Amino acid sequence: MSTTNRVPVDVIGIGLHPFGRFEDRTVTEMGVAAVRAALHDAGIDSSDRPGFQAAFCGTAYSGVAAGHKVLGALARTGMPIVDVEAGCASGGAALMLAASAIRAGQYDTVLVFGMEKMPRGIIRSSFFEPWREHAGLAATPAYFALRAQRLMRERGLTKEHLAQVVVKNRSHGVLNPDAMYQSETSVDAVLATRVVCEPLHLHMLCSPNEGAAAVVLRRGTGSSGAVRLEAAVLRSHLPGSVLGEATPLAGIDDSDITPPSTLAADAAYAEAGIGPEDVDVVECQDTDAARELLGWEELGLCVPGDQARILASGDANLGGARPINPSGGLLSKGEPLGASALGQVVELVRQLRSTAGARQVHGARVALAHTVGRGANASVTILTH
Amino acid sequence: MSTTNRVPVDVIGIGLHPFGRFEDRTVTEMGVAAVRAALHDAGIDSSDRPGFQAAFCGTAYSGVAAGHKVLGALARTGMPIVDVEAGCASGGAALMLAASAIRAGQYDTVLVFGMEKMPRGIIRSSFFEPWREHAGLAATPAYFALRAQRLMRERGLTKEHLAQVVVKNRSHGVLNPDAMYQSETSVDAVLATRVVCEPLHLHMLCSPNEGAAAVVLRRGTGSSGAVRLEAAVLRSHLPGSVLGEATPLAGIDDSDITPPSTLAADAAYAEAGIGPEDVDVVECQDTDAARELLGWEELGLCVPGDQARILASGDANLGGARPINPSGGLLSKGEPLGASALGQVVELVRQLRSTAGARQVHGARVALAHTVGRGANASVTILTH
Amino acid sequence: MTPDAQTQPVVDGVFADDPARLLGARCELCEQTSFPRLDGCPYCGSETITPVELSDHGALWGWTTVLHAPPGYLGSVPYGFGIVELPEGVRVVTRLAVPEDWWSFGQPMHLGTAEVGVDPDGVVLTTWEFSP
Amino acid sequence: MTPDAQTQPVVDGVFADDPARLLGARCELCEQTSFPRLDGCPYCGSETITPVELSDHGALWGWTTVLHAPPGYLGSVPYGFGIVELPEGVRVVTRLAVPEDWWSFGQPMHLGTAEVGVDPDGVVLTTWEFSP
Ligand SMILES: [Zn+2]
Ligand SMILES: [Zn+2]
């Protein structure tokens with residue numbers, strides 16, 4: 001499917017530690033579980049040690065040497081181990097580095113994993129200066145609320161549309177045993193949860209939580225039958241973009257400034273030699289319900305302003321023309337920062353392998369994953385089978 | 001000098017924010033200063049924006065989106081920005097990733113920077129579990145002391161030898177206007193400073209502090225005249241290594257286990273097509289005075305046990321056969337974790353350009369930088385001119 | 001409000017009071033106005049910027065109400081939070097004086113200062129805010 | 001020392017008291033002993049490990065004295081700190097009962113437990129230590 005003669009990169013193993021709350025487990029233990037599962041899935045056993053030539057670990061809050069502790073417990077060290085932080089896109093950044101190194105001929109097999117154990121409630125981000133905290137300007141969900149309000153104003157959306165996103169994703173999460181919330185909801189029920197920050201109600205926001213995900217990449221052969229990683233792209237915000245992703249800085253009119261998600265998507269489509277119309281299934285960043293709807297247009301999945309129609313049509317639901325967040329999204333799974341991007345990849349590999357069980361998107365051949373977060377990092381990954 | 005037909009990588013710009021204590025400066029401001037200086041040195045001005053296609057930022061304690069804040073302030077964003085953590089080797093890891101990406105043909109020009117603003121006194125590392133802290137097992141300098149004691153026992157070294165390392169490095173630091181300590185000392189004076197942990201006295205330990213360093217890499221041409229990056233290697237500890245770098249885990253006999261610094265050095269020498277005997281000038285990790293002496297043998301710069309003789313000979317001093325830590329080392333500069341590896345590279349580029357002023361190593365053609373730290377990451381960088 | 005020994009701005013160099021003004025910068029190269037003031041232009045990277053006091057009025061561009069105290073916050077809840085666009089073309093993240101939901105897009109807003117809370121040393125901290 | 005409602009080990013699953021023993025594991029594949037006990041072998045990666053209680057004695061392999069309380073430490077200073085090599089071939093980072101400098105390499109050491117300090121809830125925490 002590529003347009004150039006690039007070294008192919010296969011996803012030969014996936015592993016997941018469920019996302020949720022696990023009081024008695026350390027972040028290292030969750031990482032070990034996910035990495036073990038991915039190595040097992042890849043057919044790398046203890047006779048093949050370490051079994052990969054480099055490892056990238058995405059995490060934001062796990063402290064120094066986080067990846068080393070996981071691989072130390074597994075006796076798989078010695079190679080370069082790099083811990084990578086790119087906010088919500090940390091796992092996407094790790095994947096990008098791993099894929100690039102394989103395409104460069106530097107390594108044959110690379111382990112990529114991500115993990116997080118977030119404190120309960122609102123994340124105390126190290127992003128903000130102390131004076132902004134003191135003055136009340138470090139009010140993270142308020143930034144999400146302002147972004148949601150803007151999207152509603154500019155695209156003619158209502159709170160009911162936001163609630164419909166939650167209903168859609170939670171209806172998928174019911175089918176995902178690895179999700180934190182596995183129950184249906186309704187528009188009325190979502191709107192009945194308390195207001196966190198107008199226009200966002202509690203169930204329109206994902207919960208920071210805990211979990212881990214891992215992926216093993218290998219230089220591909222022509223006929224491995226494995227899922228192929230066509231593109232793994234990371235981009236950051238352009239100078240001047242305001243509220244692109246909760247930036248607390250003042251800014252200028254951004255109507256002519258391309259958002260980082262679009263920069264990443266355009267580069268990924270070009271690398272994979274496809275367009276958004278070729279994508280069969282999507283996992284996209286739904287930190288809040290409006291963030292998902294913004295993502296649809298930033299990724300070229302819909303014309304700006306077409307979100308309400310698509311929601312009504314059911315096209316983005318399981319069984320629809322192109323399901324979005326079949327895993328249930330972060331709204332069902334919660335968001336363990338460093339693990340979330342790779343959790344999406346695990347879901348999409350399952351979809352492409354046709355092993356997604358009750359939430360299988362039938363005939364899925366092309367899949368796209370998207371994250372965007374703090375520092376306005378955006379990652380877009382494209383997989384095919 | 002390379003043995004293979006690799007894509008050459010040049011160091012076309014260097015920049016440094018002095019290492020020390022700067023109460024009124026944020027870590028972002030220090031990063032901005034170093035990056036600006038490096039871009040200016042590389043001839044990248046504001047008409048050439050961003051002027052590079054990717055950026056890697058090494059830091060351990062600067063919080064989320066640390067690199068983005070620096071590049072946001074400089075209006076040089078949009079490209080992939082990845083924050084990298086590998087303990088004391090964070091900057092070395094960033095350099096490795098940048099060099100690999102250029103060799104892969106992924107980018108022409110990459111910015112690498114590192115920065116830190118460490119709290120005063122003993123670092124409260126996020127490395128240790130809380131119970132180890134409670135029980136007094138997270139006593140960082142005690143691990144350094146045990147390593148020093150072991151080296152003294154196994155190599156016949158005394159406290160006087162450790163003090164001689166401090167005297168050497170501080171005599172170099174006098175000549176470095178970017179160092180925190182710019183004063184001579186003596187063996188007696190070092191031994192008169194208070195004991196922190198037997199056998200280490202206060203002045204045998206480097207101070208965690210603040211600073212930033214930046215380097216611009218570019219795909220090389222045959223005849224640029226720039227300093228060339230021959231190798232930038234990162235390795236981690238092998239399973240079973242005990243006290244390799246302050247690991248709090250119990251361990252087994254490690255006499256047959258190659259330490260990560262040697263793994264990295266051997267790979268770097270092979271990549272550069274040279275041996276330790278070809279190196280003219282070295283910057284190596286001197287977290288404490290014994291750590292430097294251990295590094296000498298791990299890097300193949302001396303036969304194990306020959307440290308006392310080399311110290312006596314003056315070979316490792318400025319003016320000697322192969323000066324080690326001409327910048328004054330961390331013992332003179334202090335250690336801003338994310339910045340320290342790139343600070344070494346800045347020093348060595350100055351040496352190879354013959355712009356190191358009063359501390360110039362005359363005729364230096366081949367230079368080696370080494371860091372090793374938490375998680376037992378070790379990085380080795382080889383530069384030539 | 002007049003600062004005395006017990007009252008301090010929450011941050012230096014970002015706003016002035018008496019009269020209340022935000023302290024920004026104007027870039028001589030790309031002519032954009034930026035806030036807060038950095039030592040260069042965040043839109044074009046130029047180091048040639050001129051410190052300016054920004055207009056004390058603007059148009060409301062976004063608003064919400066913060067109901068739960070965010071981490072590190074020293075004041076009381078609820079409080080208004082939003083974005084005001086100044087005539088210079090710069091959008092400022094700000095507290096809003098009234099935490100109500102009767103705002104409308106584009107409505108005129110004026111700058112003032114307010115006490116935000118008391119720090120651990122007993123000092124009353126002030127910040128800027130916009131009111132209708 | 002007998003634990004009561006006011007006394008607790010500083011961590012569960014790492015050591016036992018009465019009698020004092022360190023809780024390790026032995027790998028069935030590579031036959032190495034590891035400590036603390038993980039859910040696999042940190043030397044070969046095997047998941048087939050057997051929980052074992054380690055010997056309560058060993059040989060001193062390294063020692064120093066901690067003079068200044070490290071971050072998070074609940075006890076008093078100075079205290080002894082070092083490495084003891086057990087007959088199983090595993091080196092254990094440990095507190096040493098006497099913070100003196102009269103140790104010698106390889107000298108016999110015995111395991112015990114000691115009170116390390118009091119946590120914020122008033123609970124006395126215990127840990128293991130080695131004595132000559
Ligand atoms: Zn400008
Ligand atoms: Zn084993």
Side-chain angles (χ1 to χ4, degrees), chain B residues 13 15-18 22-55 57 62-79 81 109-111 113 115 117 210-212 214 216, chain C residues 3 8-16 22-54 61-62 66 69-74 81 83 85-86 88-94 119-121 123 125 127-128:
Chain B
L16 194 79
H17 182 287
F22 307 95
E23 300 293 347
D24 58 342
R25 308 212 76 184
T26 65
V27 69
T28 302
E29 289 168 337
M30 292 189 281
V32 164
V35 170
R36 248 195 207 132
L39 294 173
H40 184 261
D41 186 45
I44 295 172
D45 63 22
S46 65
S47 68
D48 185 14
R49 263 202 308 140
F52 43 89
Q53 298 95 47
C57 171
S62 301
V64 301
H68 301 74
K69 291 180 187 174
V70 170
L71 295 179
L74 290 165
R76 296 183 188 269
T77 54
M79 82 296 295
I81 304 173
T109 308
V110 178
L111 172 70
F113 60 112
M115 60 201 186
K117 189 176 178 78
E210 309 173 16
V216 182
Chain C
Q8 264 179 26
V10 71
V11 58
D12 290 327
V14 174
F15 67 99
L22 299 177
L23 306 178
R26 186 172 164 80
C27 177
E28 296 183 14
L29 189 64
C30 76
E31 303 190 338
Q32 293 285 5
T33 300
S34 57
F35 170 81
R37 196 179 285 166
L38 305 173
D39 65 350
C41 172
Y43 303 117
C44 78
S46 163
E47 291 171 52
T48 315
I49 55 166
T50 307
V52 290
E53 292 199 349
L54 305 184
W61 192 82
V66 178
Y73 177 52
L74 296 176
F81 184 89
I83 310 270
E85 187 168 62
L86 303 183
E88 291 88 344
V90 60
R91 295 172 188 161
V92 174
V93 173
T94 182
D119 78 7
D121 298 330
V123 176
L125 296 178
T127 186
W128 80 88

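Order of the sequence lines sets the chain letters (A, B, ...), proteins ahead of strands, with each chain counted from 1. Given the structure is predicted, the values throughout are model-derived calculations rather than measurements. Worth knowing before you read on, the calculation uses all heavy atoms, side chains too, and leaves out hydrogens, waters and symmetry mates.
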Problem - Close side-chain approach of Arg36(B) to Asp39(C), heavy-atom, < 4.5 Å - result: yes
Exercise for the section: Compare every heavy atom of Cys41(C) with every heavy atom of Ala75(B), then report the nearest pair and how far apart it is. Expected result: CB-O, 3.8 Å
Practice task
Under 4.5 Å heavy-atom distance to chain C, tell me which part of Arg49(B) shows up: side chain, backbone, both or neither.
Solution key: side chain
Problem - Distance in Å, Cys44(C) SG paired with Leu74(B) CG, rounded so as to fall on 0.5 Å steps - result: 11.0 Å
Practice task
Measure the spacing between CG of Leu38(C) and OG1 of Thr28(B) and express it to the nearest 0.5 Å.
Solution key: 10.0 Å
